[in-house]
Amino acid sequence: MKASPTNTQAAAAILEVVARIPRGRITTYGAVASRAGQPRRARLVGRVLSQLPAASRLPWHRVVGAGGRLALPQGSAAYERQVARLRREGVEVARGRADLRKHGWNSPVGGLDRWLWRVGDSGDET
DNA sequence: ACAATGACGCCTC
DNA sequence: AGAGGCGCCATTG
C-alpha cells in the first residue's frame with residue numbers, strides 16, 4: 001500500500017500543526033514545517049496543503065509565506081478565498097500580504113507581549 | 001536516470 | 001522595493 005504520496009507521517013504531522021493554528025492567527029510554511037518536526041520542509045507543507053480535499057476543514061488559509069506574503073497565485077480563486085477567510089477572522093491583508101507582525105502565531109505581538117516588548121512602538125516600522 | 005516544476009525561504013543586486 | 005539566483009524536497013514528464 002504505497003498509495004500515499006508523501007511520507008504519511010510528515011504529512012500527518014503537518015496537518016496536525018495546521019489544524020492547531022488558532023483562529024485569527026497565522027503562521028508560515030517554514031514554521032509549520034519546523035513544528036511538524038521537519039525543518040526546511042516548507043515546500044512539503046505547501047505540497048500537502050495543495051493536495052487537501054476541498055471538503056477539508058483544515059484552516060489552510062492561516063498558513064502564509066515568509067514575511068506574511070501569500071504564497072498562492074495572486075488573483076486565483078484559492079488566493080481570493082484565503083484573503084476572504086483571513087479577513088473574516090480579523091486578519092488584515094493588504095497588497096497580497098498578511099499582517100504577520102500582528103496576527104502571527106507565537107508572535108511577540110498579539111496580547112500582553114506587545115506591552116512587554118513594545119513591538120512596533122519604537123518607530124522602527126511605519 | 002535526468003530535467004522541470006512548485007501553496008517555500010533566504011541572500012544579493 | 002522589485003527582481004533574480006540558489007538551495008531544498010518530493011512529484012511528474
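A note on names: the letters A, B, ... follow the listed sequences, proteins ahead of strands, and every chain is numbered from 1. Bear in mind the structure is a predicted one, so any value in this text is a computation, not a measurement.
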Engineer: Report yes or no: do A:H61 and A:E89 form a side-chain donor-acceptor pair below 3.5 Å?
Structural biologist: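 A donor-acceptor contact under 3.5 Å links the two side chains.
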
Engineer: What nucleotide, of B:dA7, C:dA10, B:dC10, holds the atom closest to the side chain of A:L44?
Structural biologist: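 Looking only at side-chain atoms, A:L44 lies closest to C:dA10.
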
Engineer: Could you pull out all residues at least two apart from A:E92 that satisfy salt bridge (Lys or Arg N to Asp or Glu O under 4.0 Å)?
Structural biologist: A:K102

Engineer: Heavy atoms under 4.0 Å, any strand shown: does A:R95 hit a base, just sugar-phosphate, or nothing?
Structural biologist: sugar-phosphate

Engineer: In whole angstroms, how far is the P atom of B:dA7 from the CZ atom of A:R97?
Structural biologist: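 After rounding, the reported distance stands at 20 Å.
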
Engineer: Check the distance between C:dA10's C1' and A:Q38's CD and give it to me in whole angstrom.
Structural biologist: 12 Å

Engineer: Roughly, in whole Å, what's the span from CZ in A:R69 to P in C:dG2?
Structural biologist: 9 Å

Engineer: Hey, is CD on A:E80 packed in by over 12 heavy atoms from elsewhere, all under 6.0 Å?
Structural biologist: yes

Engineer: Calculate the interatomic distance between A:L15 atom CG and B:dA7 atom C1'; express it in whole Å.
Structural biologist: 14 Å

Engineer: Restricting to non-hydrogen atoms, name the atom on A:Q38 and the atom on A:A10 that form the minimum distance, rounded to 0.1 Å.
Structural biologist: CG-CB, 4.1 Å

Engineer: Rounded to whole Å, please give me the gap between CD1 in A:I14 and P in C:dA10.
Structural biologist: 10 Å

Engineer: Look at all strands and tell whether A:R41 reaches a base, only sugar-phosphate, or nothing, counting heavy atoms closer than 4.0 Å.
Structural biologist: sugar-phosphate

Engineer: Whole angstrom is fine here: how far is it from CG in A:L58 over to C1' in B:dA7?
Structural biologist: 13 Å

Engineer: Could you state the atom-to-atom distance from OH of A:Y29 to P of B:dG9 in whole Å?
Structural biologist: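 Rounding to the nearest Å, OH of A:Y29 and P of B:dG9 are 8 Å apart.
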
Engineer: If you only use heavy atoms from C-beta on, which nucleotide in B:dA7, B:dG6, B:dG9 is closest to the side chain of A:T28?
Structural biologist: B:dG9

Engineer: Between atom CZ in A:R47 and atom C1' in B:dT5, what is the gap in whole Å?
Structural biologist: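 In whole Å, B:dT5 C1' lies 9 Å from A:R47 CZ.
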
Engineer: Using the side-chain heavy atoms of A:A71, tell me which of these nucleotides is nearest: C:dC9, B:dA7, B:dC10.
Structural biologist: B:dA7

